[in-house]
Amino acid sequence: MQQNIQRHRVVVIGAGYTGASAAGRLARRLRSEDVAITLVNAEPDFVERVRMHQLAVGQDLRPRPFHRMFAGTGVRLKLAKVTGIDVDRGTVSVTDANGAGQPEDLEYDTLVYALGSAWNARGVPGATEHAHEIAGREGALRLRDRLAALAPGSPVTVVGGGLTGVEAATELAEARPDLDVSLVARGGLGDWLSPKGARHLRKVFGDLRITAHEHTAVTAVEADRVITAAGDIPAAVTVWTTGFAVHPIARATALETTDDGRIPVDGTMRSTSHPDVYAIGDAALVAGPGGKPLRMSCASGVPTAWQAADAIAARLTGGKLPTTAPRYLNQCVSLGRKEGLIQYVTAGDRAVSAALTGRVAALYKELVCKGAAWGVANPTMGLPTRRRRVTAQRAGATAPAA
């Protein structure tokens with residue numbers, strides 16, 4: 001006679017590109033009778049983080065509610081804010097997303113940590129108080145309101161010469177040609193690009209009349225200016241895009257973490273210190289080609305979500321573990337709505353000579369953004385899948401009786 005088998009409890013915390021993809025992919029790999037998947041997120045809608053610069057300049061984004069995305073999949077959405085994790089007890093502490101109600105502990109057998117990252121002020125005096133960030137929806141909407149109130153001719157300074165900074169500066173300059181937009185870069189403008197890519201970036205900056213302050217380090221931010229060793233740069237609004245910092249919760253747990261708070265993982269995205277915890281996306285320290293850590297990005301994160309989901313499913317069903325090694329193909333950069341840049345790269349993310357530019361590149365980038373959002377709702381890329389049974393022994397439940 002078959003005894004009742006308790007469902008294996010999978011809790012996924014964070015529903016960005018990686019967390020939502022992992023939850024949906026798991027639901028399509030495993031039978032709902034055998035596994036309970038809970039996705040914890042503070043917002044009811046999926047946020048297209050790669051479009052926050054568009055939201056900031058006043059463009060409306062298509063709403064993507066999770067209740068539609070996961071309808072009929074078996075994924076349970078828990079609208080809550082994660083406040084702590086006890087990896088020894090196997091619990092996640094949450095509170096109501098609005099700060100109301102009583103704290104609650106969610107028990108898990110497997111935890112997928114996908115809390116991601118936020119903006120990084122890097123300890124620069126005044127940055128937290130005076131600068132705007134576009135790492136999330138809330139920050140982008142605040143910046144949107146501030147930009148809408150600016151008078152023509154007002155100076156807007158973007159700090160950070162990476163992908164986010166370049167996209168923010170060009171989107172601003174195209175949407176608001178009445179503003180005086182500048183960008184401050186610690187290195188040279190587009191110095192990570194191929195010569196062809198860098199030339200195109202400089203051309204677009206010239207066409208949009210964006211001033212580039214190259215090889216310039218920001219030492220402080222004030223309400224109306226950015227301070228550098230080379231002098232002050234006027235800024236009625238400062239937009240801060242100097243990289244990301246991971247969520248601090250992991251460092252407050254018994255999980256092994258790096259100095260910057262990322263969770264080291266093996267090739268299946270499983271924590272090197274706690275085998276019932278998987279880390280994906282920006283939160284994970286993942287070795288890429290040549291052992292170089294993957295950079296924090298959507299392009300890096302989604303493959304780690306697929307790898308973790310497939311590994312969890314394999315371990316629970318006795319299947320074959322995935323062995324796909326993460327690699328890069330290109331860097332897709334929007335330069336406003338009419339221009340773009342697709343920089344082809346090596347597996348290890350180094351620029352090669354080939355690059356696609358202009359209107360075709362802008363269309364390419366738009367397809368990539370749409371495809372990324374579609375992929376979250378369709379995490380097996382539309383391919384048919386078979387939901388497999390979880391074996392009792394692997395799930396940690398009672399074995400069937402004869």
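- Of all heavy-atom pairs between A309 and L26, the closest is O-CD2, 3.4 Å.
- With 3.5 Å as the limit, one finds no donor-acceptor pair spanning the side chains of R29 and T380.
- For G19 against L39, the heavy-atom pair with the smallest separation is O-CD1, 4.0 Å.
- In this structure, the side chain to side chain contact (heavy atoms under 4.5 Å, CB included) partners of V94, at least two apart in sequence or on a different chain, are V40, K78, A80, V82, V92, E104, L106.
- Side-chain contact check for Y344 and S353: no donor-acceptor pair (N or O, by modelled atom type) lies under 3.5 Å.
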### Task
Assess whether side chain to side chain contact (heavy atoms under 4.5 Å, CB included) is satisfied between I85 and I13, documenting all intermediate values.
CA-CA 10 Å; I85 303 168; I13 54 176; 3.6 Å; yes
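- Within the model, atoms CG of L183 and OG1 of T216 stand 10.0 Å from one another, a figure rounded to the nearest 0.5 Å.
- Residues forming a side-chain hydrogen bond (donor to acceptor under 3.5 Å, both in side chains) with E222 (at least two apart in sequence, or on another chain): none.
- Remark: D145 pairs with no residue by the side chain to side chain contact (heavy atoms under 4.5 Å, CB included) rule, at least two apart or across chains.
- Put simply, NZ on K365 and OG on S334 are 4.0 Å apart, with the number rounded to the nearest 0.5 Å.
- Of the charged side-chain nitrogens involved, none lies within less than 4.0 Å of a carboxylate oxygen, so that R359 and E339 do not count as a salt-bridged pair.
- Applying the side-chain hydrogen bond (donor to acceptor under 3.5 Å, both in side chains) criterion to W119, with sequence neighbours excluded, gives no partner residue.
- Within a 6.0 Å sphere centred on CZ of R137, other residues, nucleotides and ligands contribute 12 heavy atoms or fewer.
- Taking both residues in full, the closest heavy atoms of L77 and F66 are given as CD2-CB, 3.5 Å, listed atom of the first, atom of the second, then distance.
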### Task
Could you go through the side-chain hydrogen bond (donor to acceptor under 3.5 Å, both in side chains) check for T38 and Y108 one step at a time?
CA-CA 9 Å; T38 301; Y108 66 82; over 6 Å; no
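- For the residue pair Q331/W192, the side-chain donor-acceptor check at 3.5 Å is satisfied.
- Residues satisfying the side-chain hydrogen bond (donor to acceptor under 3.5 Å, both in side chains) test with D178, not counting sequence neighbours, are R176.
- With rounding to the nearest 0.5 angstrom, the OG atom of S182 is 10.5 Å from the CG atom of L172.
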### Message
Run the side-chain hydrogen bond (donor to acceptor under 3.5 Å, both in side chains) test on T18 and S21 for me, step by step, so that the C-alpha distance in whole Å, both residues' side-chain angles and the decisive distance to 0.1 Å come before the verdict.
### Response
CA-CA 5 Å; T18 59; S21 294; over 6 Å; no
Return all side-chain donor-acceptor pairs below 3.5 angstrom for residues 235-256, not counting sequence neighbours, or 'none' if the list is empty.
residue: W240; atom: NE1; partner: N120; partner atom: O; Å: 3.0
residue: W240; atom: NE1; partner: T242; partner atom: OG1; Å: 2.7
residue: T241; atom: OG1; partner: V159; partner atom: O; Å: 2.8
residue: T241; atom: OG1; partner: G165; partner atom: N; Å: 3.4
residue: T242; atom: OG1; partner: N120; partner atom: O; Å: 3.1
residue: H247; atom: ND1; partner: I249; partner atom: N; Å: 3.2
residue: R251; atom: NH1; partner: D259; partner atom: O; Å: 3.0
residue: R251; atom: NH2; partner: D259; partner atom: O; Å: 3.4
residue: T253; atom: OG1; partner: A250; partner atom: O; Å: 2.7
residue: T253; atom: OG1; partner: L255; partner atom: N; Å: 3.0
residue: E256; atom: OE1; partner: T272; partner atom: OG1; Å: 2.7

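- Residues T91 and D86 bring no donor and acceptor atom of their side chains to less than 3.5 Å of each other.
- Side chains of E167 and Q54: a donor-acceptor N/O pair is absent below 3.5 angstrom, by distance only.
- Atom CZ in R202 sits 12.5 Å away from atom CD1 in I210 (nearest 0.5 Å).
- Side-chain contact of Q343 with S194: a donor-acceptor pair under 3.5 Å is present, judged by distance alone.
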